[in-house]
Number of protein chains: 2
Amino acid sequence: MKESTICPRLSKAMELIGKRWTGLILYQLLEGPQRFNEIESALPVSGRLLSERLKELEKEGLVVRHVYAEVPVKVEYSLTEKGKGLKDAIADIEQWSKVWLS
Amino acid sequence: MKESTICPRLSKAMELIGKRWTGLILYQLLEGPQRFNEIESALPVSGRLLSERLKELEKEGLVVRHVYAEVPVKVEYSLTEKGKGLKDAIADIEQWSKVWLS
DNA sequence: ATAGTAAGTTACAAATAGTAACTATGAAAG
DNA sequence: CTTTCATAGTTACTATTTGTAACTTACTAT
């Protein structure tokens, strides 16, 4: 890697968004809290990567994980305020896709 | 891969943005047309990947490549209208990073 | 005892990214 | 002339990330 003139915060943001599945997972969670299997069914992502991405997003504080001690166990993921803060950006991407993609 | 309920256009958009370096390359080009080496110096991306990404973006119609037959050759990349269409989304991400990232 | 369900984890193969050296073309310097 | 410099890449090779599918744990219901 080399020196760069770019803002480290923007860089970090792009690193988050610019990681496979992250955008779609956030988009999905904007609908409201959802369980692991719901997200897995809604997106063409495997359990392995979904698990990995959710851990990253939780670590970065965009997502919270809530475990319900039911049987079988129920785990719900939802967006924090920080996560919801990306709503506009995601809505813009969605809008762009409607205008520019066939 | 499995079935998904998600809009294929949003999915495609996220696949573009959600690829390493793409967001930052577009951000950089929003400043105006730039040469290969300028982009390479501005971002911590290697020539190999920059070349690959620019080809993808050109193929998707977000970027145009213009060669000036000078010596040494000069190649300038700029955004198309389609590419500029992502300006709001990128600005939102930038704004988010200012608010939420330390 | 067997099967079912949710939320993962593991092991392994395939694809993508990182790094550094190399190429083509021509201009200018020695 | 032949060595050097510059731009815009490409190549070869390694390291990291993804994709796929099978397995695990805990408890319930049959």
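Below, all heavy atoms of this structure are taken into account, side chains as well, without hydrogens, waters or symmetry copies. Numbered from 1 within each chain, the chains take letters A, B, ... in sequence-line order.
- Neither OP1 nor OP2 of D:dT7 sits under 4.0 Å from any side-chain N or O of B:Tyr77.
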When you compare the protein's N or O atoms with those of nucleotides 16-18 of chain D, which come within less than 3.5 Å of each other, and at what distance?
from	atom 1	to	atom 2	distance (Å)
D:dT18	OP1	A:Arg53	NH2	2.5
D:dT18	OP2	A:Arg53	NH2	3.2

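- For B:Leu50 and C:dT19, the CG to P distance is 14 Å, given to the nearest whole Å.
- Put simply, B:Ser51 has no side-chain N or O that comes within less than 4.0 Å of OP1 or OP2 on D:dA8.
- Here the C1' atom of nucleotide D:dT10 and the CD atom of B:Glu40 are 12 Å apart, to the nearest Å.
- The environment of B:Lys87 atom NZ is sparse: at most 12 non-hydrogen atoms of other residues, nucleotides or ligands sit within 6.0 angstrom.
- Looking at which nucleotide of DNA chain D each of A:Pro72 and B:Phe36 is closest to, the 5′-most match is held by B:Phe36.
- A single hydrophobic cluster is not seen to contain both B:Val64 and B:Tyr68; linkage of ILVMFWY side chains at heavy-atom distances under 4.5 Å, directly or through other members, places them apart.
- The base-pairing partner of C:dG18, taking Watson-Crick or G-U wobble contacts with both distances under 3.5 Å, is D:dC13.
- For A:Ser46, taking side-chain heavy atoms from C-beta onward, the closest of the listed nucleotides D:dA8, D:dT20, D:dG9 is D:dT20.
- Here B:Tyr68 lies out of heavy-atom contact (under 4.0 Å) with every strand.
- Of the residues near DNA chain C, B:Val73 and A:Val75, the one whose nearest nucleotide (by heavy atom distance) lies more toward the 5' end is A:Val75.
- No side-chain donor-acceptor contact under 3.5 Å links A:Gln34 and A:Glu76.
- Distances shown here put a side-chain N or O of A:Lys55 below 4.0 Å from the OP1 or OP2 atom of C:dT9.
- Summarising the geometry, the separation between NZ on B:Lys74 and P on C:dG26 is reported as 19 Å, rounded to the nearest angstrom.
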